[in-house]
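Reviewing the structure listed below.
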Amino acid sequence: MSWLSALSLGALQGFAELFPFSSLGLLIIVPHVLGWPVPVGRVYLPFVVALHLGTALGLFVVFGHLWWQIFRGLVRDRHRRRQLLLILTAALPAGVAGLVAKHWVAGFFSSPRLAAVMLMVNGVWLVRAPLATRPSLRRWDDLGWLAALRIGLYQILALIPGFSRSGLALWGSARQGLDYESAAHFSFLVAFPLIFGAALVELPKLAHGSPGMVSRALGGGFLAFVVAAWAARYLLGYFRHHGLRRLGWASLILGAVSLAALTWGW
């Protein structure tokens with residue numbers, strides 16, 4: 001893999017993980033469309049997880065103050081404990097499903113056309129999302145345990161490349177009565193334990209690869225970190241005034257263009 005490919009994929013990951021365009025789907029589609037030589041299947045998965053970890057660290061920086069408050073208050077502050085448990089409850093279903101199905105997920109890496117089709121389905125799903133964008137009296141930490149679990153169950157679909165985890169979390173949170181700004185806040189918080197857990201499982205495998213692949217993963221991960229920090233701040237402002245419909249149309253068009261490029265070439 002060239003440095004240009006690694007850095008481009010890192011920037012793409014940091015962008016698409018938070019914008020609801022399925023970073024996993026695009027990390028499969030783009031190398032095939034552009035003819036970039038990348039590792040396949042299980043060899044590529046640890047590299048992809050390294051890029052995801054860069055995204056998670058970018059989110060950790062953006063929400064560092066809140067994470068610090070949560071960790072500092074775990075012993076004495078019941079509210080902080082509840083916040084952490086809500087985040088973990090929403091992260092648990094997709095985390096467990098990902099651990100069980102990781103070899104199945106790796107098999108999708110050779111199916112870019114499937115990812116393009118699912119990106120279109122993802123777009124249709126988001127276009128049909130609830131329209132409410134008015135500020136709600138409900139905060140994300142007012143969610144019940146069952147509501148958090150439902151949001152977590154929606155995210156399992158994101159194991160299929162083309163479905164966006166952040167989009168599914170936003171869609172599910174809106175259905176639980178949150179406005180989109182609060183939904184985005186919750187979605188980005190849930191991303192950190194999900195990605196960090198995957199990194200603990202997959203990153204040791206990267207160390208057994210070539211030194212060149214490790215260095216490229218670090219470079220791509222750093223760029224994902226920078227782009228994700230920008231994207232999180234931008235989207236928190238965007239969702240104060242907009243819902244998912246525009247982004248859903250963008251996902252639908254992106255999937256259609258990708259499928260055309262994969263089928264007929266440029």
Is there a donor in the side chain of Asn122 and an acceptor in the side chain of Ser164, or the other way round, less than 3.5 Å apart?
-> no
Taking [X] for its side chain and [Y] for its backbone only, find out whether a donor-acceptor pair lies under 3.5 Å.
{"X": "Thr263", "Y": "Leu259", "answer": "yes"}
{"X": "Ser22", "Y": "Gly162", "answer": "yes"}
{"X": "Arg80", "Y": "Leu74", "answer": "no"}
{"X": "Arg233", "Y": "Val62", "answer": "no"}
{"X": "Ser173", "Y": "Leu178", "answer": "no"}
{"X": "Ser23", "Y": "Ala16", "answer": "no"}

Is the closest side-chain heavy-atom distance between Glu17 and Ile195 below 4.5 Å?
->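 Counting from C-beta outward, Glu17 and Ile195 do come under 4.5 Å.
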Note, Arg165 side chain near Leu157 side chain (heavy atom, < 4.5 Å) | no
Show your reasoning for whether side-chain contact (heavy atoms from CB on, under 4.5 Å) applies to Arg72 and Asp77.
-> CA-CA 9 Å; Arg72 188 178 61 177; Asp77 191 332; over 6 Å; no
Start with the C-alpha gap between Leu7 and Leu4, add the side-chain angles, then the distance that decides, and say whether side-chain contact (heavy atoms from CB on, under 4.5 Å) holds.
-> CA-CA 5 Å; Leu7 294 176; Leu4 176 60; 5.9 Å; no
Can Phe21 and Leu247 be said to form a side-chain contact (heavy atoms from CB on, under 4.5 Å), step by step?
-> CA-CA 8 Å; Phe21 301 144; Leu247 298 174; 4.1 Å; yes
Write down the atom of [X], the atom of [Y], and the distance for their closest heavy-atom approach.
{"X": "Ala11", "Y": "Val227", "result": "O-CG1, 3.7 Å"}
{"X": "Ser187", "Y": "Ala169", "result": "OG-CB, 3.6 Å"}
{"X": "Pro193", "Y": "Leu88", "result": "CB-CD2, 4.1 Å"}

Check the pair Ser5 / Ser2 against side-chain hydrogen bond (donor to acceptor under 3.5 Å, both in side chains), numbers first and verdict last.
-> CA-CA 5 Å; Ser5 299; Ser2 69; 2.9 Å; yes
Kindly assign one of parallel, tilted or perpendicular to the pair Phe63 and Phe188, based on the angle between their ring planes and the thresholds 30° and 60°.
-> tilted
Using 30° and 60° as the class limits, which term best fits the ring planes of Phe163 and Trp125: parallel, tilted or perpendicular?
-> perpendicular
On the ring face of Trp171, is Arg128 found with NZ or CZ under 6.0 Å from the centre and within 45° of the axis?
-> no
Derivation of the side-chain hydrogen bond (donor to acceptor under 3.5 Å, both in side chains) call for Gln13 and Thr55 | CA-CA 7 Å; Gln13 159 61 32; Thr55 302; 3.0 Å; yes
Kindly say whether the aromatic ring centers of Phe239 and His185 come within a distance under 6.0 Å.
->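 Here the rings of His185 and Phe239 have centres that are no less than 6.0 Å from each other.
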Does CZ in Phe222 sit with more than 12 non-hydrogen atoms of other residues, nucleotides or ligands closer than 6.0 Å?
->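 Counting other residues, nucleotides and ligands, CZ of Phe222 stays at 12 neighbours or fewer.
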Exceeds 12 heavy-atom contacts within 6.0 angstrom, atom CH2 of Trp249 = no
